[in-house]
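Single-structure report; data block below.
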Amino acid sequence: MVAINATPSRLHSAVIGWYEANARDLPWRDSTATPWAVMVSEFMLQQTPVKRVLPAYAAWMERWPTPARLAADAPGEAVRMWGRLGYPRRALRLHGAAVAITEQHGGQVPEDHAALLALPGVGEYTAAAVASFAFRQRHVVLDTNVRRVFARAVTGVEYPAQATTAAERRTAAAYLPEGDDRAATWAVAVMELGALVCTARGPECADCPLFADCAWQKAGRPPYEGPARRGQTYEGTDRQVRGKLLAVLREAHGEVPQARLDAVWPDAVQRARALDGLVADGLVEPVAQGVYRLPG
DNA sequence: TATTCGTGGAT
DNA sequence: TATCCAAGAAT
């Protein structure tokens, strides 16, 4: 399994050394960032690039510097502040997490991995990330960046499989440093390496601290062979319609008559289906016949 | 396990 | 222009 031809300790030092010299100066990594700040950043970063998260994160933290402050506001306000980050159910879940933290954890983001995992919107990755980054615990933090680094450096393939496998988890666990603090630094360092150097397209292998040890490099950088990774067409989908409908609601600051929603999409059947979906998801609230608003 | 769920920038 | 990709979670 261990395809990398170097002692783990030397490997850790190489990656951590690279990180200390090259890490981005991100606000949620600041020494004054609270666990809540880390959690907010992790929610926003689920499938949304850092560059687009930065301004939204700053505005969010200024308005809701603690979970209790967010919990005291309406969930619709969270949806509105989410803006165009995409996947607005994340906003609703973050609000739900804030409520749970306020009511069940005394307003403090829980340190325990299992308690984190029980919060809405927190899956395996986010629980590990918050526990590791905010509380300096030792966890396998396996995101798309880390998966790609291991796929290349250890397994020798260009891209990991579509879904995370048990083998990947074992590999990541095998390379996790022993000490809590070192494991936490390793976790963020490998992730940053994947984000800045070992990128999906056009990796900067010449700048990589793993260059000499990388299994993919040694194999001659063979191209990806797996099944075609399905490109998600967006034009004309319910997702696009949902996005258009919700954009109207976000910008309205109040109740919106049906006609305003009807104007953004011509197909009445699809429009109704999309709106029903938004209501079912709790993103939109019907207030009367033909009148809607963000959830209060 | 396979789908669904936004949005915008890069190539 | 079309496709790919971005710190995933829930079902």
Side-chain angles (χ1 to χ4, degrees), chain A residues 19 23-24 26-29 33 37-57 79 82-94 96-97 116-134 139-149 158-166 168 172 184 187-196 198-203 223-224 227-250 264 273-274 276-278 280-284:
Chain A
Y19 176 76
R24 289 168 292 181
L26 300 172
W28 46 87
R29 287 181 184 160
V38 173
M39 174 170 280
V40 169
S41 77
E42 290 303 334
F43 269 74
M44 291 185 169
L45 288 164
Q46 291 168 2
Q47 301 288 279
T48 301
V50 169
K51 184 177 180 179
R52 278 207 290 141
V53 163
L54 285 169
Y57 167 86
V79 174
W82 198 253
R84 306 188 68 81
L85 286 179
Y87 293 149
R89 289 186 296 191
R90 289 182 292 166
L92 226 42
R93 291 170 184 156
L94 183 50
L116 287 165
L117 196 54
L119 297 171
V122 176
E124 188 59 44
Y125 162 77
T126 301
V130 172
S132 182
F133 303 158
H139 293 282
V140 171
V141 181
L142 205 54
D143 79 323
T144 186
N145 291 302
V146 176
R147 294 185 63 215
R148 188 172 52 250
V149 171
E158 187 177 17
Y159 297 120
Q162 290 192 17
T164 305
T165 65
E168 278 183 275
V188 72
V190 176
M191 193 176 310
E192 189 78 338
L193 185 65
L196 297 183
C198 193
T199 51
R201 286 184 292 187
Y224 177 73
R229 296 172 299 161
R230 50 176 321 170
Q232 69 243 65
T233 52
Y234 182 62
E235 280 300 314
T237 60
D238 285 5
R239 279 155 96 161
Q240 184 182 24
V241 184
R242 287 168 56 110
K244 285 180 177 297
L245 293 173
L246 200 57
V248 172
L249 275 293
R250 272 200 313 264
V264 301
R273 185 172 66 232
D276 282 350
L278 289 170
D281 287 346
L283 285 162
V284 174

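Here the structure is a predicted model, which is why all the values come from computation and not from measurement. Atoms considered below: every heavy atom in the structure, side chains included; atoms not considered: hydrogens, waters and symmetry mates. All chains are named by letter (A, B, ...) in the order of the sequence lines, taking the proteins before the strands, and each is independently numbered beginning at 1.
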Open item on the list: Whole angstroms only, please: what is the OH-C1' distance between A:Tyr224 and C:dC5?
Closed with: 14 Å

Open item on the list: Which residues pass the side-chain hydrogen bond (donor to acceptor under 3.5 Å, both in side chains) test with A:Arg52, not counting sequence neighbours?
Closed with: none

Task: Partners passing side-chain hydrogen bond (donor to acceptor under 3.5 Å, both in side chains) against A:Thr144 (at least two apart in sequence or in another chain) - done: none

Open item on the list: So if I define the base as every atom that isn't primed, P, OP1 or OP2, how would nucleotides 6-11 of chain B read as a B/S/- string at a heavy-atom cutoff under 4.0 Å?
Closed with: BBS---

Task: Distance between P atoms of C:dA7 and B:dT11 (Å, rounded) - done: 14 Å

- [ ] Using salt bridge (Lys or Arg N to Asp or Glu O under 4.0 Å) as the criterion, list what pairs up with A:Glu192, not counting sequence neighbours.
- [x] A:Arg24, A:Arg29

Task: C:dA9 versus B:dG8 - spacing of their P atoms, nearest Å - done: 23 Å

Task: Position toward the 5' end of DNA chain C (nearest nucleotide), A:Ala200 or A:Arg93 - done: A:Ala200

Task: Contacting residues from residues 118-127 of chain A, given that a heavy atom lies under 4.0 angstrom of DNA chain B - done: none

TODO: Look at all strands and tell whether A:Tyr159 reaches a base, only sugar-phosphate, or nothing, counting heavy atoms closer than 4.0 Å.
DONE: sugar-phosphate

- [ ] Just jot down the side-chain hydrogen bond (donor to acceptor under 3.5 Å, both in side chains) partners of A:Gln46, sequence neighbours excluded, or say none.
- [x] A:Thr126

Open item on the list: What is the separation between atom CG on A:Leu94 and atom C1' on C:dA7, rounded to the nearest whole Å?
Closed with: 15 Å

Open item on the list: Whether the side chain of A:Arg147 engages the backbone of A:Ala161 through a donor-acceptor N/O pair (distance < 3.5 Å, no angle test) should be reported.
Closed with: yes

